[in-house]
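Okay, structure first, notes after.
Heavy atoms only: backbone and side chains are in, while hydrogens, waters and symmetry mates are out. If you're wondering where the values come from, they're calculated on a predicted model, not measured in any experiment. A, B, ... follow the sequence lines: proteins, then strands. Residue 1 opens every chain.
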Amino acid sequence: MQLEFDPNNPKYEYIRSKSHAEEALKKLSKSRVVGVDVETTGFDQYTETLLTVQIGNEEISYIFDARRVNLSELPLYKEILGTKKIIKLLHNAKFDYQWIKYVTGVELENIYDTMLAEAVLFTGLGSGFYSLASLAKKYINVDLDKDIRVSFEGMSHAKFNKAQLGYSAKDTLVLFPIFKKQLVDLKKKSVLNIAKLEFAVSGVVGEMEHRGIYMNAEKWKKLLGEIAVNRVQAVEDFYDAIRPLYPVSQMDLFGNPSPPINLNSQLQLMDLFNNKLKLSLPSTGVAILQEERHPIAKLLMTYRQYEKLLSAFGESFLKLVNKKTGRIHPSFNQMGTATGRFSCNNPNLQQVPSGRKAPFRECFNPKVGYKMVVSDYSSMEMRILADLSGDKKLIGAIESGLDLHSYTASLMFGMEYTDDFKEKHPLKRYAAKAINFGLMYGMGAPSLARKIDVTTEEGEEYMKRYFQSYPSVKDWLNNQASDAVKRGWSTTPMGRKRWYKMPERTDPDYRRIISKIQRQAKNHPIQGANADAIKYALVFVHERFKSGEFDGGITHTVHDEIVCEVREDQAENFAKVLSEEMVRAANMFIKKVPMQSNPFIGDVWEH
DNA sequence: AGAGGTGGTG
DNA sequence: CATGCACCACCTCT
């Protein structure tokens, strides 16, 4: 491809005055596509500084010095970035979106994100993270010197040097040829619509990250304190129980007996269980410990439960409370999984425990004068499975509003379905639930049997009855598996694809790898369709906030749930809107089965 | 620094 | 024979 710029001598204008800025913007306003990038002193808009905004066309990059030029007062700047008529090319747009909106006062519209496009094009094949440098290398064989980026850190008023300006300019110039080549592939692979969805979501992600969520640190600490007391007790109990096995007990400086072993060391625990206690455990995971009658197994499980909560949700969360906002601002990776679901880190809000045992979610609250409004899809994956397979019985059960796991149990075990089945036969329902979920993930009879504690033969019998009850489900799952192996990819009804790296026939692990792909391909359309629905819903819901109808915003999302913070007096109305928009999103491709999203209003996230 | 084990979520 | 999907964080060991 003929490059429209010289990578060794990128063309740019360094703009430090209002009049120069207006002149440049006038030229840019004629473009149908512009490249956009920002340079900052760091990642946090609340504490760091915006240094430049670069906007360019294919030949030249205009580098606006944001310290000298007040971009927010230039109408043409807002027009160019805010109009849907001009495509904005960015790499990892959610980052630039936040700076551009919250420092220069304009909401980016019509985003094309080269990073997300690449993730959509190679879902399942790559790491999921694609740097601009790697794309520049791959598509146009241009090297971007990423070392210069760090030179922006800690800058205040100094002029940028030539290396910095050249670097900044290239960041917008390379976007054009990458965009053109990706666009061809997006069409060729029929994933342009999914890419467009991801682009629309990127702004919503920018909003979520910027808004964050309030976390009551005092309440959090109190909770940790209670758990810490329990952990101390659990450690003592454990050591008291094993000390007789370690006769040469050492004393520490204060004359207290030192711990015989490190409770977190799998190696030392295995030694304890297998050499000292002669139990021959294959591992020390809960699945094994639960089966073990020895009291020490139980003591270890008790300790682990508290240790887990303290190590994973303790100080680390407190450290992540933003100094300026007093809130947690996790980062969301919208293409963080091979199925299309979000991943989340720093911290991972999606794994915060819920329930009475460890009510961490109660520490997340709305700001004063606002309410948490939360809604989640009910039995989403089961509904998707019913729709995609077209299974009459499953669809009928959902239409009648039956409790699905109870209904499945009644079919499999030849029992009568009643409204209080759940209360009368909890174990049967639990078994059916394990099957409902397990089979969606491609589980086999031996695992199923282990899970519900029956013999392998019985497990096989249950599976047989399950598939007799839902014959179309079986066919559909098998078709997903064989299609994926044939084609090398699987797809959701919205057209989100996941590709598979097929093993060589000569690979000694050929069978194992193929089996894994078959399981993944059974699950991907289901999990991925759920992700598609939630992503459309995020865009729809954000539109409602943007229209000015409601005061508030989306704080986060957890796979089948959207969490918002909305002004108190509007919460009732918004709750309806939230669940309606979620249902509308799902109905874009789920036509045979009714969708349901249950809203909840309160002062805590947990519900 | 990276791998493996463990366990939290949907 | 084994083999349940998708993640992230923390710990120990090498």
Side-chain angles (χ1 to χ4, degrees), chain A residues 123-124 128 261-270 281-290 300-301 303-317 319-320 330-355 357-358 360-361 376-382 384-385 434-452 456 459 463 477 480-481 490 498 508-509 511-528 530-531 534 556-562 605-606:
Chain A
T123 305
I261 65 167
N262 181 344
L263 262 178
N264 292 328
S265 166
Q266 136 91 354
L267 207 69
Q268 295 178 40
L269 286 169
M270 287 298 272
L281 301 185
S283 84
T284 68
V286 274
I288 302 296
L289 294 182
Q290 262 169 357
L300 178 59
M301 281 162 58
Y303 163 78
R304 286 246 180 98
Q305 184 192 327
Y306 299 125
E307 166 62 16
K308 174 70 184 187
L309 296 174
L310 288 173
S311 64
F313 308 104
E315 297 301 315
S316 60
F317 271 64
K319 276 196 205 123
L320 289 166
S331 64
F332 293 94
N333 185 352
Q334 66 188 83
M335 285 300 290
T337 71
T339 54
R341 291 220 293 216
F342 276 87
S343 71
C344 176
N345 63 17
N346 296 309
N348 183 358
L349 223 49
Q350 297 184 323
Q351 66 179 148
V352 172
S354 60
K357 229 176 42 179
F360 283 94
R361 292 190 181 194
D376 60 353
Y377 285 119
S378 115
S379 318
M380 185 59 155
E381 296 199 337
M382 288 294 293
I384 291 170
L385 177 65
I435 296 175
N436 275 336
F437 280 104
L439 296 194
M440 273 195 278
Y441 306 148
M443 187 162 59
S447 308
L448 172 66
R450 232 177 298 127
K451 176 91 182 174
I452 61 177
T456 306
M463 271 183 73
L477 287 169
Q480 297 313 303
S490 52
R498 174 182 184 168
D509 287 332
R511 274 309 317 161
R512 193 181 58 77
I513 298 169
I514 291 290
S515 298
K516 192 174 178 72
I517 291 171
Q518 289 173 327
R519 289 194 303 273
Q520 292 170 327
K522 288 174 182 176
N523 179 247
H524 168 242
I526 302 173
Q527 194 181 118
N530 191 353
I534 210 92
H556 61 286
T557 171
V558 190
H559 309 311
D560 59 359
E561 169 184 25
I562 296 178
W605 164 19
E606 167 73 306

*Residue list, side chain to side chain contact (heavy atoms under 4.5 Å, CB included) with A:Gln527, at least two apart or on another chain*: A:Thr339, A:Arg341, A:Glu381, A:Asn523
*Length of the line joining A:Ile435:CD1 and C:dC5:P, which is rounded to integer Å*: 17 Å
*asked:* Need one value for A:Gly285: base, sugar-phosphate or nothing, where a base atom within 4.0 Å counts as base even if backbone is also close, heavy atoms only.
replied: sugar-phosphate
*Heavy atoms, side chains only, cut-off 4.5 Å: are A:Thr284 and A:Arg304 in contact?*
yes
*When the P atoms of B:dT6 and C:dT3 are considered, how many whole Å apart are they?*
15 Å
*With sequence neighbours left out, what residues match A:Ala521 under side chain to side chain contact (heavy atoms under 4.5 Å, CB included)?*
A:Ala484, A:Ser490, A:Tyr500
*For residues A:Met443 and A:Phe437, determine if any side-chain heavy atom of one lies less than 4.5 Å from a side-chain heavy atom of the other.*
no
*With sequence neighbours left out, what residues match A:Ser311 under side chain to side chain contact (heavy atoms under 4.5 Å, CB included)?*
A:Glu307
*CD (A:Glu315) with more than 12 external heavy atoms under 6.0 Å*: no
*In chain order, what residues pass the side chain to side chain contact (heavy atoms under 4.5 Å, CB included) check against A:Ala434, with sequence neighbours excluded?*
A:Lys451, A:Ile452
*Using the heavy-atom set of chain A and a strict 4.0 Å cut-off, write down the first and last nucleotide of DNA chain B that makes it in, 5' to 3'.*
B:dG5 to B:dG10
_nucleotides 6-14 of chain C: protein proximity per nucleotide (B base, S sugar-phosphate only, - neither; heavy atom, under 4.0 Å)_ = BSBBSSSS-
